[in-house]
Amino acid sequence: MARRRTIRDFTDEPVPMDVIESAVAAAATAPSGANIQPWRFVVVTDPALKEQIRVGAEEEEREFYQRRASEEWLAALAPLGTDHDKPFLVTAPALIVVFEVHKGVDEPRPYYVKESVGIAVGFLLAALHSAGLATLTHTPSPMKFLGEILGRPANERPYVLIPVGYPAPDARVPDISRKPLGEVLVRR
């Protein structure tokens, strides 16, 4: 897992659907509050839908970078070289949109939704990485447009958008470091 890195430069080489299905199956084994399993994984490969998602995401991201983000936040993002342009949303062969599932007509009340979905997403990223695929966790805010484009019911709320594929030969990987174990592990 220490070799896993986020990328934004993908090839358009198709990803085997059985690999994605296996990764989603692994994610669905995550623990959840009261075992309600409050998640939905929507896999998008249709080029027209991916283009709609890009348009919606870039609209939100443009607003974020121009108006909503603080100077401090923009400074933190600067070394990563991100901006409102999101071509990876159409280049990556698959997008996995993860939704939180809240109480609905056919859905029970979930408990610890964000925590449960977060754990499932961690499992998903680990499974995709183990299968040799590259990912990006993308969270344009707000993400309501995703539910609208994908025709999801009102009780499903977007949590994260994950482009999935193979890294482009010239993919840029930010030169980042991780905190040493001594900074993140406390023994008592």
Side-chain angles (χ1 to χ4, degrees), residues 1-10 15-45 50 53 57 60-61 64 73 76-77 79-80 82 86 88-89 92-103 107-144 146-147 150 152 155-167 171-187:
M1 291 309 303
R3 292 185 15 240
R4 192 211 62 78
R5 289 292 182 268
T6 293
I7 67 158
R8 290 173 175 78
D9 304 303
F10 294 88
V15 173
M17 190 52 64
D18 62 326
V19 173
I20 291 179
E21 288 175 1
S22 292
V24 171
T29 68
S32 63
N35 195 38
I36 301 296
Q37 303 165 49
W39 43 66
R40 192 84 67 235
F41 303 89
V42 179
V43 178
V44 181
T45 57
K50 291 190 321 182
I53 290 170
E60 293 301 342
E61 291 289 273
F64 170 80
W73 196 342
L77 290 172
L80 301 177
T82 63
K86 306 300 177 191
F88 53 79
L89 293 174
L95 305 176
I96 302 175
V97 184
V98 183
F99 288 85
E100 300 173 357
V101 179
H102 293 267
K103 183 168 177 47
E107 301 285 348
R109 178 181 174 196
Y111 303 93
Y112 300 103
V113 177
K114 290 200 180 302
E115 296 86 348
S116 299
V117 176
I119 295 167
V121 167
F123 278 34
L124 178 64
L125 295 173
L128 292 166
H129 173 72
S130 293
L133 297 173
T135 58
L136 165 69
T137 52
H138 182 50
T139 54
S141 180
M143 292 190 282
K144 185 177 181 183
L146 290 168
L150 298 173
R152 303 311 306 157
N155 69 306
E156 292 185 14
R157 299 181 196 146
Y159 183 85
V160 67
L161 167 57
I162 305 171
V164 179
Y166 300 102
R172 293 176 300 123
V173 179
D175 185 17
I176 60 173
S177 61
R178 302 288 189 217
K179 292 179 180 178
L181 187 61
E183 285 186 35
V184 298
L185 173 65
V186 177
R187 296 182 197 186

Least distance between heavy atoms, [X] atom then [Y] atom:
X	Y	result
F88	R8	CB-O, 3.3 Å
V101	P110	O-CG, 3.4 Å
A120	A30	CA-CB, 3.6 Å
Y166	V15	CE1-CG2, 4.0 Å
P38	V117	O-CG2, 3.2 Å
G33	Y112	CA-CD1, 4.4 Å

Is the shortest side-chain N to carboxylate O distance from R40 to E107 below 4.0 Å? yes

Inter-residue atom distance [X].[atom1] - [Y].[atom2], 0.5 Å rounding:
X	Y	atom1	atom2	value
I119	L124	CD1	CG	14.0 Å
K103	I36	NZ	CD1	10.0 Å
Y159	L146	OH	CG	14.5 Å
I7	R4	CD1	CZ	10.5 Å

Does F64 form a ring pair (Phe, Tyr, Trp, His ring centres under 6.0 Å) with W73? I'd like the steps, not just the answer. CA-CA 10 Å; F64 170 80; W73 196 342; 4.8 Å; yes

Would you say R172 has more than 12 foreign heavy atoms packed within less than 6.0 Å of its CZ?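 Count not over threshold, so no.
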
Walk me through whether H138 and L95 qualify under side chain to side chain contact (heavy atoms under 4.5 Å, CB included). CA-CA 10 Å; H138 182 50; L95 305 176; over 6 Å; no

Decide side chain to side chain contact (heavy atoms under 4.5 Å, CB included) for W39 and E100; before the verdict, give the C-alpha distance in whole Å, the side-chain angles of both, and the deciding distance to 0.1 Å. CA-CA 5 Å; W39 43 66; E100 300 173 357; over 6 Å; no

May I ask you to test the [X]-[Y] pair for a side-chain heavy-atom distance under 4.5 Å?
X	Y	value
E60	S141	no
E21	V19	no
T82	E61	no

Let me know which of I20, V42, L125 forms a side-chain contact (heavy atoms from CB on, under 4.5 Å) with I96.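 Only match with I96 under side-chain contact (heavy atoms from CB on, under 4.5 Å): I20.
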
Do [X] side-chain atoms and [Y] backbone N/O form a donor-acceptor pair below 3.5 Å?
X	Y	value
K50	A92	yes
T135	I162	no
S116	S32	no

Could you tell me which residues satisfy ring-ring contact (aromatic ring centres under 6.0 Å, His included) with F123, sequence neighbours excluded, listed by chain and number?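 ring-ring contact (aromatic ring centres under 6.0 Å, His included) check on F123 returns nothing, list empty.
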
Could you give me the CA-CA distance, side-chain angles and deciding distance for L161 and L89, then say whether side chain to side chain contact (heavy atoms under 4.5 Å, CB included) is met? CA-CA 9 Å; L161 167 57; L89 293 174; 3.6 Å; yes

Check the pair I53, L150 against side chain to side chain contact (heavy atoms under 4.5 Å, CB included), reporting the backbone distance first and the verdict last. CA-CA 9 Å; I53 290 170; L150 298 173; 4.3 Å; yes

